[in-house]
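Note: hydrogens, waters and symmetry copies are ignored here, and every other heavy atom, side chains too, is used. Throughout, residue positions are numbered sequentially from 1 according to the sequence presented.
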Amino acid sequence: MLLAIDAGNTNVVFALLEGRAIRARWRIATDPRRTADEYAVWLNQLLMLEGYKIADVDAVIIATVVPRALHNLQVLAEKYFRTTALIAGQAPVDWGIELDVAEPGSVGADRVVNAIAAHHLYAGDLIVIDFGTATTFDVVDYSGVYKGGIIAPGINLSLDALVAAAAKLPKIAIAPPENRSVIGRTTEAQMHIGVFWGYVAMMEGLVARMRAEIGRPTRVISTGGLAVLFNDNSDIFDAIAPDLTVQGLALMHERSLQA
């Protein structure tokens, strides 16, 4: 079985796959200081709860945007899974798609993996929106070329910055306001409106501008933890793909076996 690891700025996601089928998934807060031994103790218990064991894993692939976290994940693969981890974007699992941007080396691994998966799953020109620490908008053309995109502050990051900078504003949860009115009558309601509907307006506005610049019919694919929440309150999404990054890693692993 394959253990796919997506190490992001906020969380590290581990997914256990059999072929392309996801059998289990877990997440843990990103901490570059976490050792391979700590990962192994945690994963061993979770594997057993799902009816698996460490020996069932015979391949590991990693995509990371946190360079300091990579070494301990590689040690985890070597020491406990007895295999050398594949690193997305490095031989023998090079991207395999063209990155048509000014600085290809600076594109986050998760964004390229998402582009690979989205092009495999959906036809035509695409905008892939990933809700994470940052919210990214990535354009993949009909031939699978990565064309660039947008990086915006994630909604949680925006909210944290607002609360930290304004002493009298309360901490609120990310949730749709109780009604669709955009005129709040309490401080908390006004914050909900500004954060939630402001974010929806930002997404809808950017997608409209991107579609106009692309100039062809373009589908919008969303992924990440908040995709479903926003899908219920906006009509810009054509598809929700919660496991897009993991699916992209599985495809890259398959390709490495065929090389």
*Close side-chain approach of Val113 to Trp95, heavy-atom, < 4.5 Å*: yes
*Can Val246 be reached from Leu70 by stepping across I, L, V, M, F, W or Y side chains whose heavy atoms are under 4.5 Å apart?*
no
*Are Val182 and Phe196 grouped together when hydrophobic residues (ILVMFWY) are joined by side-chain heavy atoms under 4.5 angstrom apart?*
yes
*Val112 and Ile116: side chain to side chain contact (heavy atoms under 4.5 Å, CB included), yes or no, with the steps?*
CA-CA 6 Å; Val112 184; Ile116 292 168; 4.2 Å; yes
_I'd like to know if the side chain of Thr30 and the backbone of Gly8 have a donor-acceptor N/O pair within less than 3.5 Å._
yes
_Student check: side-chain heavy atoms of Val65 and Asn9 closer than 4.5 Å_ = yes
*With no hydrogens and no angle check, is any side-chain donor or acceptor of Gln190 less than 3.5 Å from a backbone partner on Gly184?*
yes
*Compare all side-chain heavy atoms of Met191 with those of Val163 and state whether any distance is below 4.5 angstrom.*
yes
*Return yes if some donor-acceptor pair links the side-chain N/O of Asp100 with the main-chain N/O of Lys147 below 3.5 Å, else return no.*
no
*Between Ala118 and Val128, what is the shortest heavy-atom contact and its length?*
CB-CG2, 3.6 Å
*Within the distance-only criterion (no hydrogens, no angle test), does the side chain of Arg34 pair as donor or acceptor with the backbone N or O of Ala29 below 3.5 angstrom?*
yes
*Minimum heavy-atom distance between Tyr199 and Ser158, given as atom pair plus value*: CE1-OG, 4.4 Å
_Straight-line distance of Leu249 CG to Glu254 CD, nearest 0.5 Å_ = 12.0 Å
*asked:* Other residues, nucleotides and ligands only: do more than 12 of their heavy atoms fall within 6.0 Å of CG on Leu49?
replied: yes
_Go through it in stages, so that I can follow the logic: the residues are Thr223 and Asp130, the test is side chain to side chain donor-acceptor pair (under 3.5 Å), and I'd like the CA-CA distance, side-chain angles, deciding distance and then a yes or no._
CA-CA 5 Å; Thr223 188; Asp130 188 353; 4.9 Å; no
*Looking only at heavy atoms, what is the nearest atom pair of Ala85 and Ala77, with distance?*
CB-CB, 3.8 Å
_Show, in sequence, the C-alpha distance, side-chain angles and deciding distance for Val139 and Glu213, and conclude whether the side chain to side chain contact (heavy atoms under 4.5 Å, CB included) test is met._
CA-CA 11 Å; Val139 176; Glu213 188 168 333; over 6 Å; no
*Are Tyr80 and Leu43 side-chain neighbours, meaning at least one heavy-atom pair lies under 4.5 Å?*
no
_Contact summary for Pro32 and Val66, nearest pair of heavy atoms_ = CG-CG1, 4.1 Å
*Taking the side chain as every heavy atom from C-beta outward, state whether Ile61 and Met252 have any pair of such atoms under 4.5 Å apart.*
yes
_Arg255 (side chain) donor-acceptor with Asp94 (main chain) under 3.5 angstrom_ = yes
*Just checking, any donor-acceptor pair under 3.5 angstrom between side chains of Thr35 and Asp37?*
no
*According to a 4.5 Å side-chain heavy-atom criterion applied to Ile, Leu, Val, Met, Phe, Trp and Tyr, with indirect links allowed, do Leu206 and Leu126 form part of one hydrophobic cluster?*
no
*Between His119 and Tyr142, which heavy-atom pair has the shortest distance, and what is it?*
CE1-O, 3.3 Å
*Exercise: identify the closest heavy-atom pair between Ser234 and Glu204*: OG-OE2, 2.8 Å
_Evaluation steps, side chain to side chain contact (heavy atoms under 4.5 Å, CB included), between Asp6 and Arg27_ = CA-CA 9 Å; Asp6 172 24; Arg27 65 179 59 229; over 6 Å; no
*State plainly whether the residues Arg82 and Asp58 are in salt-bridge range, i.e. N to O under 4.0 Å.*
no
*Taking atom CG of Asp31 and atom CG of Asn11, what is their separation to the nearest 0.5 Å?*
12.0 Å
*Does Met203 share a hydrophobic cluster with Ile151, counting links as ILVMFWY side-chain heavy atoms below 4.5 Å and allowing steps through other members?*
no
*Would you tell me whether Thr84 and Glu78 have side-chain atoms, one donor and one acceptor, within less than 3.5 Å of each other?*
yes
*Taking Asn72 for the side chain and Ala69 for the main chain, is one N or O donor matched with an acceptor at less than 3.5 Å?*
no
*asked:* Could you check whether any side-chain N or O of Thr218 sits under 3.5 Å from a backbone N or O of Asp125, counting only pairs where one atom can act as donor and the other as acceptor?
replied: no
_Point-to-point distance, once rounded to the nearest 0.5 Å, from CG of Leu226 to CG of Asn231_ = 12.0 Å
*Rounded to the nearest 0.5 Å, what's the gap from NE2 on His192 to CD1 on Ile172? Could you check?*
4.0 Å
*List the steps and the verdict of side chain to side chain contact (heavy atoms under 4.5 Å, CB included) for Val220 and Arg211.*
CA-CA 10 Å; Val220 178; Arg211 279 176 159 156; 3.4 Å; yes
*Decide yes or no for Ile236 and Ile127: does some side-chain heavy atom of the first lie under 4.5 Å from some side-chain heavy atom of the second?*
no
_To the closest 0.5 Å, what do you measure between CD1 (Ile129) and CG (Leu244)?_
12.0 Å
*Report, as yes or no, whether the 6.0 Å neighbourhood of atom CZ on Arg33 holds more than 12 heavy atoms from other residues, nucleotides or ligands.*
no
*Side chain proximity check, Trp42 to Trp26, heavy atoms < 4.5 angstrom*: yes
*Any donor-acceptor N/O pair, Asp243 side chain to Gln247 backbone, under 3.5 Å*: no
_Val228-Phe131 co-clustered via ILVMFWY side chain contacts under 4.5 Å_ = yes
_Ring centre gap for Tyr39 and Phe14 strictly below 6.0 Å_ = yes
*Distance from Ile54 atom CD1 to Leu76 atom CG, nearest 0.5 Å?*
8.0 Å
